[in-house]
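All remarks here apply to the structure that follows.
Both counts, for ligands and for their atoms, begin at 1 and track the order of listing.
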Amino acid sequence: MPKILFVAADPRPERWTTEIERAYPEAEVIVWQDDGRSHDAEYAVVWHPPAALFARERNLKALFNLGAGVDGLLALNALPADLPVIRLEDAGMSVQMAEFVIHQVVERTRDMAVYRAQQRDGVWRIHRPIDRAQWPVGVLGLGQIGARVAKSLAALDYPVAGWVRSQRRLDGIEVFNGKGALQAMLARSRIVINTLPLTDETRDLMDHAFFAALLPDAVVINVGRGEHLVDEALLQAIAKGRVAAATLDVFRDEPLPAAHPFWSTPQITITPHVSARTLREATIAQIVAKIRGIEAGTPASGVVDPARGY
Ligand code: GLV
């Protein structure tokens, strides 16, 4: 009977634990508290766990991250080097992300702000139809989320390219491989969408040179991590008119501090890290299936390579 700890600052953790118990009646599921006790658990399901967890629980076989991005977890000094970390694989996130991104892209390419302003003024005026050739899209990262975003936009006939660190083929997507190809990818992109994992290689990627390389009147959509973006570089690119609009769902500090200039920059649309939520049902089904597999001797997929960072 495996023991599973639930370790997340959730105001109603029982919504998770009862669901896990329902899906896995043989398991014992415990809401972890830092009360100095050890539960001698085999598994932990975590989001931003405290270091004390690793001091108390010495017999964990695997750690399940309640999200796709494991940057926060890997940054913990207390994380034992040999403890397998398993990230969520899609679990309903990529469709949400594709939907969110399409909404933002269409908002710009179909002049929705212009039509909203016209409605306020009672104006009936028809503007030019969309010319997709004017809106080449570049997607940073073609993992499960990035690939779904890229394919969804390609299905709407936008010219789509993707940038990945390793070799990758994706039908209908022009793929640029490796660091040296980033510049070329940006130079053909007017809309750029970041879906990368945060690693030492990708931190601060969106800097002054990045924005300077994009096509004019660029649109920037960041659904990766706040640390990918050099905030000041984006603000300058907007001030100079190089970047026409940005949608930011993730920030270096979350919640975004009240005094941050992003709040008052009209070209920036802010959402509070909601582009792809962790869906309880799909997440639990995935984690339980993986634990059952491990218990039966089958290695789980989605194991993070700490050297790679995702
Ligand atoms: C959310 O940001 C995630 O990593 O899933």
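- Looking at G69 next to ligand 1, an N or O pair under 3.5 Å apart turns up.
- The two atoms that bring Y43 and I291 nearest to each other are CE1-CG2, 3.4 Å, heavy atoms only.
- For ligand 1, the atoms closer than 4.0 angstrom to any heavy atom of R225 are 1 (C), 2 (O), 3 (C), 4 (O).
- Ligand 1 has no nitrogen or oxygen under 3.5 angstrom from a nitrogen or oxygen of L66.
- Between W47 and ligand 1, no pair of N/O atoms sits closer than 3.5 Å.
- Residues L142 and M206 do not share a hydrophobic cluster, clusters being chains of Ile/Leu/Val/Met/Phe/Trp/Tyr side chains in contact below 4.5 Å.
- Of all heavy-atom pairs between A62 and I86, the closest is CB-CD1, 4.0 Å.
- The backbone N or O of G141 sits less than 3.5 Å from a side-chain atom of T195, completing a donor-acceptor pair.
- Below 4.0 Å from some heavy atom of M93 lie the following atoms of ligand 1, by number and element: 5 (O).
- Contact between L215 and R190 at its shortest, heavy atoms only, is CD1-N, 3.8 Å.
- What sits closest to atom 5 (O) of ligand 1 on the protein, heavy atoms only, is A68 N, 2.6 Å.
- Atoms CG and CG, from D71 and L196 in turn, are 11.5 Å apart once rounded to the nearest 0.5 Å.
- The distance criterion of under 3.5 Å between nitrogen or oxygen atoms is met by H273 with respect to ligand 1.
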